[in-house]
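First comes the structure, then the notes that go with it.
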There are 2 protein chains.
Amino acid sequence: MLNFKTKTASKITRLSIRQIDYWDRTHFIKPSVHEASGYGSMRLYSFNDLVQLKLAKTLLDKGVSLQKIRKAIIYLRKNMSEVKKPLLEIRFLTDGETIFVLTKNQKKIIDTLKSGQLVFSIALGEIVENLKGEVLTIQRERRYDVEVKGKKYSVILYADTDSDGYRMKCFSIHGCTSRGDSVEEAIEKIKEEIAKHLYYPKPAISKGGKQ
Amino acid sequence: MLNFKTKTASKITRLSIRQIDYWDRTHFIKPSVHEASGYGSMRLYSFNDLVQLKLAKTLLDKGVSLQKIRKAIIYLRKNMSEVKKPLLEIRFLTDGETIFVLTKNQKKIIDTLKSGQLVFSIALGEIVENLKGEVLTIQRERRYDVEVKGKKYSVILYADTDSDGYRMKCFSIHGCTSRGDSVEEAIEKIKEEIAKHLYYPKPAISKGGKQ
DNA sequence: CATTATAAATACATTAATGTATTTATAAAT
DNA sequence: ATTTATAAATACATTAATGTATTTATAATG
């Protein structure tokens, strides 16, 4: 079960941290896993929350007012306990003024104020798939602790931007990196690199006075 | 020399009317052809103004704050008296935090607050070309007066959404429309249609009491 | 030309979103 | 375990943008 802190949710949905903050405070989209509880506490959003955030952002980008978007999200929330396949076939149509929801068996108008020409179609399934991809990308950047000669080293794993593999970098040993086609391979390689450094340490680069 | 009223500028740039209004009032992007001068007056924007509006919108969509965008627009305004070819090679790079301007001979940082990864490239030339296309599309919808049997009829010309032609509709004669591959053809055809209607008038559709 | 209808700006208020300093939970270092 | 550093929420203020009623210029009609 994946949970996301505010910063990660911001990265994934391309909403600003402050906007997500504002939306929580105004009871629009709240972190369903763990609510904010004071300075330094941590909100935790579920994948379903991300879907809501992203749908809201998408509608906002199409010029729909926040008040109308609130209604769309309420509809979505009422009709989904979990993003299951049938719900992936929901499609939202909007021209910036009107929001329609198209499902398999009915067409529902969420909010109508002025008649207008429908120009945008937003498929919930596409939002979900796109978010899954984003989550995968973010997941690829994570920290591992590897053990070499009885000692633990902190390394970071991230996606190799030039190919489909993975890169690793050791925090405490400058210049100690590895690459692999899989996570496991990159881990093995970074271990070897760390071991090499233990045999032939390179001169540490001074960071100035701060030691 | 093309001038645009606020509503048209809004359509072309995809900014809201209120946002354009706010930007004028806050002395961000003012209508250079004719300024607002009271209730019911009319702002008139030049094509150059549209370029500024669209650049601002584009940067805004990339997450750049309005204050920083103001600086970019000031730079653009200082360096262009008219959107000429050399200036079309300007490119703005931004990650939402920093704005770079790349020109042929120099790289200039407009605003730097935090280092970040540059991810978006916005070519002024592309903005201009896109706006020209939008202007052409909007221009296609316009009013003409045609003369049939010594009498003038108001008709509207608009783009045919199903093909590359033009459609015309006569305001005062219900059901009187025409289509042509060119504007001239559509005009000839609507004249013929109007003449037919004069010979065989169809029953006018009552509009209720209002006559 | 006069009257009516419509479009556009204005005035004022409200909502939406962001900036910034501060507090405190959480992570990292020792 | 304790201390330090960092991240995240909060408090408060400000900017950005929008809503809505009103005024008046402009367009349309007779």
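A, B, ... follow the sequence lines: proteins, then strands. Residue 1 opens every chain.
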Item to check | Lys/Arg N to Asp/Glu carboxylate O, Lys132(B) vs Glu129(B), below 4.0 Å | outcome: yes
Item to check | Nucleotide dT18(C), atom C1' - distance to NZ of Lys68(B) in whole Å | outcome: 12 Å
Item to check | Heavy-atom closest contact (Lys54(A) atom, Leu131(A) atom, distance) | outcome: CB-CD1, 3.9 Å
Item to check | Any side-chain donor near an acceptor of the partner, Ser46(B) and Asp49(B), under 3.5 Å | outcome: yes
Checklist entry - With the threshold set at 4.0 Å, does a side-chain nitrogen-carboxylate oxygen contact exist between Arg14(A) and Glu134(A)? => result yes
Next on the checklist: Is it the case that the side chain of Ser10(B) and the backbone of Leu15(B) share a donor-acceptor pair, with hydrogens and angles ignored and the cut-off at 3.5 Å?
Outcome noted: yes
Item to check | Sequence-aligned protein contact record of nucleotides 3-16 of chain D, with B where the base is within under 4.0 Å of a protein heavy atom and S where only the sugar-phosphate is | outcome: -----BBBB---SB
Checklist entry - Are any side-chain N or O atoms of Thr13(B) and backbone N or O atoms of Ala9(B), one a donor and one an acceptor, separated by less than 3.5 Å? => result yes
Next on the checklist: Set out, in order, the CA-CA distance, both residues' side-chain angles and the distance that settles side chain to side chain donor-acceptor pair (under 3.5 Å) for Ser65(A) and Arg70(A), then state yes or no.
Outcome noted: CA-CA 9 Å; Ser65(A) 75; Arg70(A) 283 175 181 258; over 6 Å; no
Checklist entry - Between the two ends of the helix from dC1(C)-dG30(D) to dT30(C)-dA1(D), what is the bend in degrees, rounded to 10 degrees, where each end axis spans five pairs? => result 40°
Checklist entry - Which pair of heavy atoms, one from Tyr45(A) and one from Val33(A), lies closest together, and at what distance? => result C-CG2, 4.0 Å
